[in-house]
Amino acid sequence: MKGQRCLSVVLSIAIAAAAVVGANAQDDARRDGRELYLDFGCHQCHGFEGQGSQASPPNPRIAPTPYPFEAFAAFVRTPVRLMPPYSPNVMSDEQLRAIYDYVAAIPEPPGIDDIPALRDL
Amino acid sequence: MANDDKSDGLNRRGFLAGATAAGLAAVPLSKTTNVDAQESNRASAPLPNSMDAAMEHEIPGGYTGEQAKNYFVHHPGSDFMVDVLAALDLDYVALNPGSAFRGFHESILNYGGNRKPEILTCVHEEHAAAIAHGYAKVAKKPMAIACHGTVGIQHAAMAVYNAYADRVPMFILAADHGGIEDRTSQVLWTHTARDPLSPIKDYIKWDDYPRSLQHFGESAVRAYRYALTPPMGPVGIIMETVLQESDVHEHGLAVPEVLAPTLPLGDPNAIEEAADWLANAESPVIYADRFAQDQEGVDLLVELAELLQAPVVDQKGRMNFPNGHHLSQTAGVVGQADVILALEVRDIWGIVNRLQDAPDHTLTRAAPPNARVISLGTTEVNFGSNYQDFTRFYAADLPIAGDAQSSVPYLIEALRERISNRRASQISERRERWASAHASRRQASIDAARYAWNATPISTARMSLELYDLVKDKDWALTAPDNLHGSWETRLWNIERHYQTNGTSGAYGQGYGASSAVGAALGHREHGRLPICITGDGDTMYVPGVHWTAAHHHIPLLTVVHNNRAYHQEVMHVQKTAAWRQRGVDKGVEPGNIIDEPAIDFAALARSMGVFSTGPVASPSELRPALAQAIDVVEQGEPALVDVVSQPR
Ligand SMILES: Cc1ncc(C[n+]2csc(CCOP(=O)(O)OP(=O)(O)O)c2C)c(N)n1
């Protein structure tokens, strides 16, 4: 979604400004990871938060990722079934790593008990 | 039905066996509606004598007989056409006006008093057809649409195709200038064709071009019966302009009696054999697609499934099975099946096989190699060959042609005869397994819903489930498919009643969601239900004007636009294709797929047509109050729209 990408650029500028006051390298990496996550279109199928969906085909939740990097990378390079492969010709190992780090760091959502609409289902 | 009274069922079957191949028994589309309809039909059919009497007319004061003949039309043929529609108990005609049916239009208003049928004003013929589609599934009776000759038919075409592919009846009236005598300008020539319905002929069940009023009456009744006999579908009748506009010259005009159509039942011997297979199966699985036509169908399927403790995969062509029932399962169960019972299933091949959407198109078998398939339904009673909605051929091991809902009582009866107490207790051991699979799937769905709950854009789970939280104690009814927004309704709303969902589009022609919803909502209006349409921004923009029809006719309907600012289904396709081709996906897949820059303001759009609206709702905290306010409006009897800026899926 383009609007969202613009939003993330604005966010990046804001973060860049904050860097002057002392943001650390971790923020930069996270920002880069998010940029790459969006540029490679992972969000198109897995959602902006990696939450997945039961669209056709079902796109699994990938964040916070339950996989070690090796398994994650293997999946992206040589997926088993319905996911399209991302070859090194389009995505470098470093980029894949940055995406992984970003996805792995997406925070856990609130628990069911903290969400009345779900708790009362 | 049959098993309330076994002897009655057996009698019917005996009768059917005697009736040889045709095997017809009278079961109306919806008993109540059709019985009522029959009563009113008898009452409303015009008597031949009254038409004859009508042909005598007075000369208005101040005119000679010759002048009166030239100036005035006393008893136009289109009045009789209106009588015919009333006799068919058609409550509504959805139309966009056109001079080719000005005679008919005027008759509806000033002869029929705009009562039966009543006009639904549509700003596009596609809306008219889609409204008729959504309405028929809820109201259990067809709606008429009227099209302005060639151009009107071409505009209606895609929505008619959806209805055809969904096997939904629709009564299409199309106007045409049959002779050259009234083609007063080149405009009328362009609105005329030798075969006006040709653009849609491949996907209507039957059509006719009546040359007289009596012919019109007979063909209309025939068309009505064909439309409602399963497999149901749209039918078309031409209203010739001179026939509409000239004085009636025919004597003894009469509308044939309109009786409820009959439903074809499956072959009794084949049903007995199916019962043998199912009673002895160790792992039977039921698939239901366009099976249940009403609540009775749902109840029958519950009875059948419980008798076998067989999982049911509801393919959602209709609301077939309560999603909270422990036997409600998902497609994966086919991997364990030894006997598969497919009820009105469009794509049996697709149940048994998986063809992967990848460059190598790998084909695998999803069902065990020796699983046997029983098909029961009217999908093989096919009436088209150009459009390929019949899907890939699969040779079922026991194919039974017949209306599934009306055949299932006989199957249940045959099963009861075969299942001994001992067998029943073996079968009941299956229960636990399915109950626990159902419970854990539900829990997994609830857990999945919390991911991205607080995200912006708003998650599809939150969009759907905040709404459910607000309406769950009301008499709600969903009108549109949910597969493009995460299927949350199917997963977590408690769908028990047949009217609570309204099936799918049939041919996946976009624009169905928003527009069929108005027809469905009209069907719900008299029951005082709260109709809800959650549909995409893309879907909405094919048919934005349909919201005006809802406002104009005070049709209560809550529309929630799942606004991901994209044709997202297609985004994913291009994204995937790019990855297969190892192309620079970072260059984006947006042109052609994105509906942004400028972002469409759906709230403003709706407001401009007199529909209450809120949005764009961009932050999750704004969602609940926006929905609550819109629900209030709908409960007061008007349409409302909420534009939710949401995650892609
Ligand atoms: C008439 C028509 N045109 C194009 C398509 C192809 N198509 C299938 S889904 C889809 C996207 C519809 O957009 P939207 O309703 O916003 O749903 P989204 O996928 O974005 O959730 C399109 C264009 C179609 N099915 N029908």
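The figures that follow rest on heavy atoms only: side chains count, while hydrogens, waters and symmetry mates do not. Everything quoted here is computed from the prediction, not taken from an experiment.
With chain B as the partner, the residue from Ile106(A), Leu36(A), Asp114(A), Asn89(A) showing the most heavy-atom pairs under 4.5 Å is Asn89(A). No other option in Glu49(A), His46(A), Met91(A) has as many heavy-atom pairs under 4.5 Å with chain B as Glu49(A). Of the listed residues Gly47(A), Pro85(A), Gly52(A), the one with more heavy-atom pairs under 4.5 angstrom with chain B than any other is Pro85(A). Across Lys472(B), Lys576(B), Gln647(B), the residue that shares the most heavy-atom pairs under 4.5 angstrom with chain A is Gln647(B).
No salt bridge links Asp32(A) with Arg97(A); every basic N to acidic carboxylate O contact stays at or beyond 4.0 Å. With respect to the salt-bridge test (charged N to carboxylate O, under 4.0 angstrom), the residues Arg119(A) and Asp113(A) do not qualify. Look at Glu108(A) and Arg450(B) and you find a salt bridge, because one of the NZ, NE, NH1 or NH2 atoms lies within 4.0 Å of a carboxylate O, short of that distance. Note on Asp289(B) versus Lys316(B): no salt bridge recorded, every NZ/NE/NH1/NH2 to OD/OE distance being 4.0 Å or above.
Without hydrogens or angle criteria, Arg462(B) side chain to Trp453(B) main chain gives a donor-acceptor distance under 3.5 Å.
Using a 4.5 Å cut-off between heavy atoms, Asp447(B) touches chain A through backbone and side chain atoms alike. Both the backbone and the side chain of Leu465(B) have a heavy atom closer than 4.5 Å to some heavy atom of chain A. Only the side chain of Arg491(B) comes within contact range of chain A, judged by heavy atoms closer than 4.5 Å. At a 4.5 Å heavy-atom cutoff, the contact between Ala449(B) and chain A is made by backbone and side-chain atoms alike.
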Quiz item: Does the pair Thr391(B) and Trp349(B) meet the rule for a side chain to side chain donor-acceptor pair (under 3.5 Å), with working shown?
Solution: CA-CA 8 Å; Thr391(B) 74; Trp349(B) 190 91; over 6 Å; no
